[in-house]
J.: 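Dropping a structure here in structure tokens format, bear with me for questions.
In this text the structure is predicted, and so the values were computed from the model without any measurement. A note on names: the letters A, B, ... follow the listed sequences, proteins ahead of strands, and every chain is numbered from 1.
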2 protein chains.
Amino acid sequence: MGPIAHGHDHGGAECWAERATETLATAGYRRGGARAALISLLDDQRCALSAAEIEDTLRDGDGGRPVARASIYRILEELEALKLITRVEVGQGLARFEAARTEGHHHHMVCDACGQVIPFEDPDLERAIQQLARRVEFTVAEHDVVLHGACAACAAS
Amino acid sequence: MGPIAHGHDHGGAECWAERATETLATAGYRRGGARAALISLLDDQRCALSAAEIEDTLRDGDGGRPVARASIYRILEELEALKLITRVEVGQGLARFEAARTEGHHHHMVCDACGQVIPFEDPDLERAIQQLARRVEFTVAEHDVVLHGACAACAAS
DNA sequence: GTAGGTGCAAAGCTTTTGCAGCGGG
DNA sequence: CCCGCTGCAAAAGCTTTGCACCTAC
């Protein structure tokens, strides 16, 4: 595949993929095709993907480079340990993963009818959680808010 | 922690186990030993239990009556469908369940070091979620907030 | 050349499903 | 009596681990 196959417009902010690659290098990791493909894919996404979706997209997608399931999980594990991605538990034993960008922190609404995952942001909610984190005797590292219910389409039917 | 007597004080509120039993009867379910034992156990708990914990406690605990794993999951599924219990996803493909009491709605802090689950309440957080639910084009039925991090003991070490 | 990355296959884990038997109404 | 609740065991996910080969450095 081409050296810079996927064109990103790096307006002014450094893209996440770059930061991830640097962080990995600093942490002593070498470069590898599978990891590069996975990082590139995650960088293109607007919302969380499941491991299965990642595998399918890498196999069938354009920048397509088949990556073994084991490698996917191993790489996701590394990225999560370095806090480069966030794990989102959406229920039914399914986990989803997404790039941990500095901007655009968000949470998810999961339609229990069709399984669709919709991201949303809410400053008030974030504020409430931060104030809460200060009050409790517990060191909060991450927080996860999942709203279950029905999306517009499923609620109508 | 505040010693909120977990004894069944039917002061003014009906206990959860009673309501659960009634709801099940109304829904056309018959009574059964396994289900009764499970409801009794859940009624005694202050916080969410995993399926494995439920199985172990029912086998070894005092009101002990061994219940097959399959029955546990089936019963939990029924109770969840009737909204008598709430499923809490804490990560690593593990689910926890707890009685859905009308009072004492709360969320959870999960220690990623020792796995401990600590409940907490926060009116501000609830308010933020309710206002959010009004704004979005999504019918919110449930919401789940999970704080990951380190408990006081694990943070110290 | 060496240490680490990757793929394949097999195991591990929680959870679900099928079927025979017990028990409530 | 009949229907549904239970238990046992086997299967079905998703995820992890072992081992051999390949690649970056």
J.: Where do A/F138 and B/I118 come nearest, in terms of heavy atoms and distance?
T.: CD1-CD1, 3.9 Å
J.: Could you tell me whether the phosphate oxygens of C/dG5, OP1 or OP2, come under 4.0 Å of any side-chain nitrogen or oxygen in A/R35?
T.: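 For C/dG5, OP1 or OP2 has a side-chain N or O of A/R35 closer than 4.0 Å.
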J.: Looking only at side-chain N and O atoms, does B/E98 offer a donor or acceptor that is under 3.5 Å from a partner on B/H106?
T.: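 There is such a pair between these side chains.
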J.: Where along residues 48-59 of chain B does a heavy atom fall under 4.0 Å from DNA chain C?
T.: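 Residues of residues 48-59 of chain B under 4.0 Å from DNA chain C: B/A51.
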J.: Which residue lies toward the 5' end of DNA chain C, B/G33 or B/A70, if each is placed at its nearest nucleotide?
T.: B/A70
J.: What residue among A/V88, A/D56, A/I54, A/L76 forms side chain to side chain contact (heavy atoms under 4.5 Å, CB included) with A/L49?
T.: A/I54
J.: Expressed as a whole number of angstroms, how long is the span from A/L76:CG to C/dG5:C1'?
T.: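 Rounded to the whole Å, the gap is 15 Å.
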J.: Given D/dT6, C/dT6, D/dC14, which nucleotide is nearest the side-chain atoms of B/A34?
T.: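 For the B/A34 side chain, the nearest candidate turns out to be D/dT6.
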J.: So which nucleotide from D/dC3, D/dG7, D/dT15 ends up closest to the side chain of B/V67?
T.: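 That would be D/dG7.
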J.: Taking only residues two or more places apart in sequence or in another chain, which ones pass side-chain hydrogen bond (donor to acceptor under 3.5 Å, both in side chains) with A/R96?
T.: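 With neighbours one apart ignored, the set is A/E53.
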J.: Hey, does the side-chain of A/R74 have a donor or acceptor N/O within less than 3.5 Å of a partner on the base of C/dG7?
T.: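 Such a pair exists between side chain and base.
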J.: Rounded at 0.5 Å granularity, tell me how far CG in A/L132 sits from CG in B/L125.
T.: 6.5 Å
J.: The helix from C/dG1-D/dC25 to C/dG25-D/dC1: angle between its terminal axes, five pairs each, to 10°?
T.: 30°
J.: Output the single nucleotide from C/dT14, C/dA3, D/dT6 whose closest atom is nearest the side chain of B/R65.
T.: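 In terms of side-chain proximity for B/R65, the closest of C/dT14, C/dA3, D/dT6 is D/dT6.
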J.: Look at the rings of A/F120 and A/H107 and say which category their plane angle falls in: under 30° parallel, 30 to 60° tilted, over 60° perpendicular.
T.: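 Ring orientation, 0 to 90° scale: tilted.
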J.: Grab the CD1-C1' distance between A/I75 and C/dG4 for me, whole Å please.
T.: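 Answer to the nearest Å: 13 Å.
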J.: So, does B/R69 get its side chain near the phosphate of C/dT17, meaning an N or O under 4.0 Å from OP1 or OP2?
T.: no
J.: Does this structure show an ion pair linking A/R87 with A/E142, if we count only N-O contacts that are shorter than 4.0 Å?
T.: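 Salt bridge between A/R87 and A/E142, a charged N being under 4.0 Å from a carboxylate O: no.
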J.: Return the 5'-most residue of the pair B/R31, A/A68 with respect to DNA chain C, ranking by each residue's nearest nucleotide.
T.: A/A68
J.: For B/E77 and C/dT17, what is the distance between atoms CD and C1' respectively, to the nearest whole Å?
T.: 11 Å
J.: For the side chain of A/Y29, starting at C-beta, report the closest nucleotide among C/dT6, D/dT6, C/dG5.
T.: C/dG5
J.: Between the side chains of B/R135 and A/D122, is the shortest nitrogen-to-carboxylate-oxygen separation below 4.0 Å, so that they form an ion pair?
T.: yes
J.: Report the distance from atom CD of A/E78 to atom P of C/dG5, rounded to the nearest whole Å.
T.: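 It is 6 Å, rounded to the nearest whole Å.
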J.: How many Å lie between OH on A/Y73 and P on C/dA11, as a whole number?
T.: 19 Å
J.: Flag yes if more than 12 heavy atoms outside A/R101 fall under 6.0 Å of its CZ atom; otherwise flag no.
T.: yes
J.: OP1 or OP2 of C/dT14 sitting under 4.0 Å from any side-chain N/O of B/R87?
T.: no
